[in-house]
Amino acid sequence: MAETEETLKRIQAHKGVVATMVVNAEGIPIRTTLDNSTTVHYAGLLHQLTMKARSTVRDIDPQNDLTFLRIRSKKHEIMVAPDKEYLLIVIQNPSE
Amino acid sequence: MLGLFSLQNQNGPPGGRAAQPRLYGASTKKRDEDTSTEVGEGVDEWPSSKTVVKPPDQLDLTEAELKEEFTRVLTANNPHAPQNIVRYSFKERAYKPISYVDQIAIHFSLNGNMILRDSDEGRRQSLRLSNASEKAPSETSAVVSEEAEIKDEKSTEDVQAAEEEEAEGTETAEAAEAAEAEEPPPPKVKEKKLPNQFNFIERSSRTLDNPLRERASQSEPTPCKNFSANANQWEIYDAYMKELQKMEKSKEKEKPKAQIGKKVEKKRGRKLISLESQGDDITKISNAAKIMERMVNQNIFDDIAQDFKYFEDASDEYRDQKGTLLPLWKFQYDKTKRLAVTAISWNPKYKDLFAVGYGSYDFMKQSQGMLVLYTMKNPSFPEYVFSSESGIMCLDIHNDHPHLMAVGFYDGNVAIYNLKKAASQPSYKSSAKSGKHTDPVWQVKWQKDDMDNNLNFFSVSSDGRIVSWTLVKNELVHTDVIKLSAEGTTMQGPEGLQLQTVGCGTSFDFHKKIDYLFLVGTEEGKIYKCSKCYSSQFLDVFEAHHMAVDSVSWNPYHLKIFISCSSDWTVKIWDHTIKTPMFIYDLNAAVGDVAWSPYSSTVFAAVTTDGKAHVFDLNINKYEALCNQVVVAKKKNKITHIQFNPVYPVVIIGDERGQVTCLKLSPNLRKMPKVGTAEGPNHSRSLHAFAVLSTLCFIGFPNILSFPSFGFCLQNSWKLE
């Protein structure tokens with residue numbers, strides 16, 4: 001348990017990382033470093049997108065599964081690592 | 001008709017026309033002379049006095065206006081009738097004008113009760129009356145006569161005359177009969193009774209309506225639930241897999257199995273630590289967190305990752321066969337800052353994972369040791385960390401079981417670490433009882449499993465023993481293989497004992513193909529060629545160096561060649577059948593480690609304590625290094641070890657500060673000899689090169705001593721090619 005905590009702390013401490021969020025299977029944020037409203041916003045939208053992405057991947061080949069999702073935008077990069085029950089979302093500024 | 005009519009009217013006298021009403025709607029367009037003007041035409045016709053009596057309110061008109069003819073038309077049109085009637089025709093579904101509009105205006109109507117005698121109705125009625133009168137004659141003649149009279153009144157005119165005659169005569173009965181005979185015989189057919197021909201009365205009555213009462217009852221609505229789901233390809237697949245697993249489980253329960261087969265789990269960051277699955281939310285995210293960390297690192301070190309993958313130094317073409325080492329990542333862990341890298345090894349299965357052993361070479365400062373595994377995918381934090389009390393001096397990863405690592409400690413112990421287990425302590429460790437070395441263990445190497453399929457490895461130490469350790473039933477059992485003894489150094493000890501000084505082994509290497517053959521380098525600078533079968537005698541001795549042999553290594557392709565390096569600043573290449581080295585390189589500083597490259601038999605790299613890395617390619621340049629590069633910036637830092645990655649064109653170099661640097665080899669350093677024979681690209685030409693060299697060596701040219709200058713390789717004086 002401590003190891004995972006350590007890992008999350010390290011991620012947050014990395015250069016350029018803006019925010020870290022943990023969201024559960026229904027899209028409800030469990031842990032976040034942002035304010036509530038933004039978190040809820042991100043959580044809802046990214047949850048749907050991840051479901052859709054995973055559905056796409058698996059529909060094409062059921063033995064396949066989504067490992068991660070990266071959305072690169074002008075301002076920053078949103079990275080989503082899906083798990084069985086949870087979603088880990090990290091927003092990073094890659095250029096810094 | 002119309003036309004004629006109107007014509008007539010035109011011609012006829014005006015006075016007469018007025019009296020003739022038009023029955024048809026004449027066209028009003030035809031101008032007819034009117035008859036109602038008083039003044040105009042009346043003047044010509046009326047023979048009246050010239051004085052005209054004008055009513056006081058008469059219009060004063062001019063002559064022209066007086067002469068104006070006004071046409072008044074008398075038509076039989078009904079002024080109240082509509083001029084055009086449009087009816088909706090259902091057949092054509094459109095409004096259609098009715099061509100003929102009924103112009104009849106009914107002024108008065110009276111329903112009479114007289115019917116025409118000749119009509120059907122009249123005939124029927126008269127028949128009835130006659131039927132009634134027929135019955136009468138059977139009763140009384142007077143009645144008959146009356147009836148005859150009545151009949152007479154009611155009968156037709158044709159019969160009337162005859163009846164009158166009969167009425168006069170007394171033979172009324174006969175007359176009546178005659179009349180009856182004259183009359184049409186009474187119809188025996190009953191005719192329809194016409195009820196009420198004139199005044200039709202309808203009477204109806206209605207029964208009472210039962211008052212309606214509504215009664216309703218409602219049952220409870222069945223509970224409804226909305227359910228929606230997707231039936232995707234993968235949902236179906238998942239369902240099937242679940243079923244399969246259930247079936248398999250049930251099968252397993254039927255057949256009790258004693259053993260569960262060992263499965264090599266994936267170590268690449270998906271390690272599920274069983275201790276953590278206690279229902280804590282955060283622990284379930286450990287996998288995702290690991291992946292995320294790597295992603296974040298990839299972003300941060302993006303340019304390095306790109307370089308690693310794609311960058312090829314183009315300037316190598318202009319460098320005249322020389323190459324460079326491009327620094328990529330630097331791996332460090334804050335807990336190892338005070339420790340020196342004492343051993344590095346790539347994992348044979350996961351090509352991006354490598355293990356680093358930390359300890360200290362300093363005799364005086366001995367502290368704890370660490371075993372850390374890094375992956376190139378995450379340069380900022382290690383994957384696995386193990387700590388130990390004593391400094392680690394060497395490590396080796398098993399080829400077939402990449403989760404097992406053998407480690408040799410400074411205090412002489414050896415241990416096996418199991419990566420699959422979460423423990424930070426080694427799975428198996430030797431101890432003083434189990435025959436640990438009395439001096440630091442300088443090298444360990446895994447061997448093939450012995451005949452009982454037990455894992456075993458060898459270790460060499462300064463105490464002169466080469467020990468084979470076998471893992472038997474969870475215990476390390478040691479077997480002394482060879483005791484190194486310095487030849488010819490038996491001393492005369494007190495009381496005539498012959499003490500045999502023990503040689504200190506500092507490195508060894510096993511032959512790739514010949515299983516029993518191995519080389520041991522010692523502190524005295526000698527290299528012993530040994531066999532596992534002979535425990536007391538060496539097969540051969542090489543007087544290799546003046547100082548301790550730091551590393552000895554067989555060429556991975558050319559089976560006779562090996563390389564050795566020493567703190568006496570030299571690197572020497574040998575053929576094990578020849579006592580003298582084939583190549584000697586002087587590197588101007590104590591050489592810490594040397595390693596052959598996995599892709600070419602003529603490329604090797606050496607690191608020196610002055611922080612430089614030297615890469616040689618014998619195929620290209622036999623005398624000089626292709627690359628002399630300062631790897632570690634600080635002068636206080638010494639490089640301790642170097643290893644080539646088996647797959648990627650990178651080397652990792654460890655230094656005394658606990659840092660491991662990853663460098664990419666430039667293309668010039670990676671040249672593989674061209675394919676000549678079917679043996680394979682790597683060793684054909686190089687074999688040939690070595691073969692030539694070895695034969696020439698054998699001829700017996702004098703070996704020129706090494707000069708400590710500029711790192712030239714001084715070979716026998718002749719030149720090849």
Side-chain angles (χ1 to χ4, degrees), chain A residues 1-18 20-25 28-31 50-52 54-70 72 76-96, chain B residues 229-242 244 266 268-306 333-335 377-385 422-424:
Chain A
M1 182 186 110
E3 198 177 300
T4 327
E5 282 280 349
E6 282 283 311
T7 312
L8 287 174
K9 277 187 197 162
R10 264 184 280 130
I11 292 173
Q12 183 61 35
H14 263 301
K15 187 175 64 162
V17 172
V18 172
T20 314
M21 282 178 258
V22 178
V23 175
N24 80 345
I28 299 167
I30 290 172
R31 191 190 154 112
T50 313
M51 288 300 126
K52 188 72 184 173
R54 179 183 264 162
S55 174
T56 308
V57 167
R58 294 208 75 197
D59 212 11
I60 293 169
D61 178 10
Q63 291 179 329
N64 207 354
D65 199 4
L66 184 69
T67 40
F68 54 79
L69 191 64
R70 279 175 130 157
R72 201 154 188 151
H76 36 244
E77 179 164 348
I78 303 170
M79 294 182 277
V80 180
D83 204 32
K84 265 192 191 166
E85 306 164 16
Y86 294 92
L87 219 60
L88 176 59
I89 301 168
V90 168
I91 305 166
Q92 186 188 20
N93 277 325
S95 53
E96 276 180 31
Chain B
N230 282 332
N232 277 329
Q233 185 95 323
W234 50 273
E235 297 222 4
I236 298 170
Y237 175 80
D238 277 348
Y240 273 113
M241 292 307 285
K242 270 189 188 169
L244 254 175
K266 266 194 191 173
R268 196 177 291 173
R270 303 264 176 157
K271 181 170 148 183
L272 286 171
I273 301 170
S274 55
L275 296 169
E276 286 182 11
S277 61
Q278 285 170 8
D280 197 334
D281 285 340
I282 291 299
T283 61
K284 291 175 192 171
I285 210 124
S286 57
N287 280 343
K290 255 194 175 118
I291 299 171
M292 185 59 74
E293 196 180 0
R294 290 186 182 187
M295 276 204 268
V296 168
N297 271 309
Q298 189 180 13
N299 272 339
I300 293 173
F301 296 108
D302 181 44
D303 42 358
I304 298 180
Q306 300 283 338
Y333 185 42
D334 52 359
K335 291 186 188 166
K377 294 178 186 174
N378 185 353
S380 54
F381 200 75
E383 296 292 304
Y384 303 95
V385 176
S424 63

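These figures come from a predicted structure and were not determined experimentally. Chain naming here is simple, since letters A, B, ... match the order of the sequence lines and numbering starts at 1 in each.
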Practice task
Answer yes when B:E383 and B:R294 have at least one side-chain N-carboxylate O distance shorter than 4.0 Å, and no when they do not.
Solution key: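 Answer for the salt bridge query: yes.
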Practice task
From the options A:R58, A:R54, A:K84, select the one residue that forms a salt bridge (Lys or Arg N to Asp or Glu O under 4.0 Å) with B:D238.
Solution key: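 For B:D238, the salt bridge (Lys or Arg N to Asp or Glu O under 4.0 Å) test succeeds with only one of A:R58, A:R54, A:K84, which is A:R58.
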What part of [X] lies closer than 4.5 angstrom to a heavy atom of chain B: side chain, backbone, both or neither?
X: A:L87; result: backbone
X: A:V90; result: both
X: A:Q63; result: both
X: A:V57; result: neither

Practice task
Determine, step by step, whether A:Q92 and A:R72 satisfy the side-chain hydrogen bond (donor to acceptor under 3.5 Å, both in side chains) criterion, reporting the C-alpha distance in whole Å, the side-chain angles of both residues, the deciding distance to 0.1 Å, and the verdict.
Solution key: CA-CA 10 Å; A:Q92 186 188 20; A:R72 201 154 188 151; over 6 Å; no
Problem - side-chain contact (heavy atoms from CB on, under 4.5 Å) evaluation trace for A:V80 with A:F68 - result: CA-CA 6 Å; A:V80 180; A:F68 54 79; over 6 Å; no
Practice task
Count the heavy-atom pairs under 4.5 Å between each of A:L88, A:D59, A:D65 and chain B, then report the option with the highest count.
Solution key: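 Sorted descending by pairs with chain B, the first entry is A:D59.
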Exercise for the section: Quick one: do A:R10 and A:E5 satisfy salt bridge (Lys or Arg N to Asp or Glu O under 4.0 Å)? Show the steps, please. Expected result: CA-CA 9 Å; A:R10 264 184 280 130; A:E5 282 280 349; over 6 Å; no
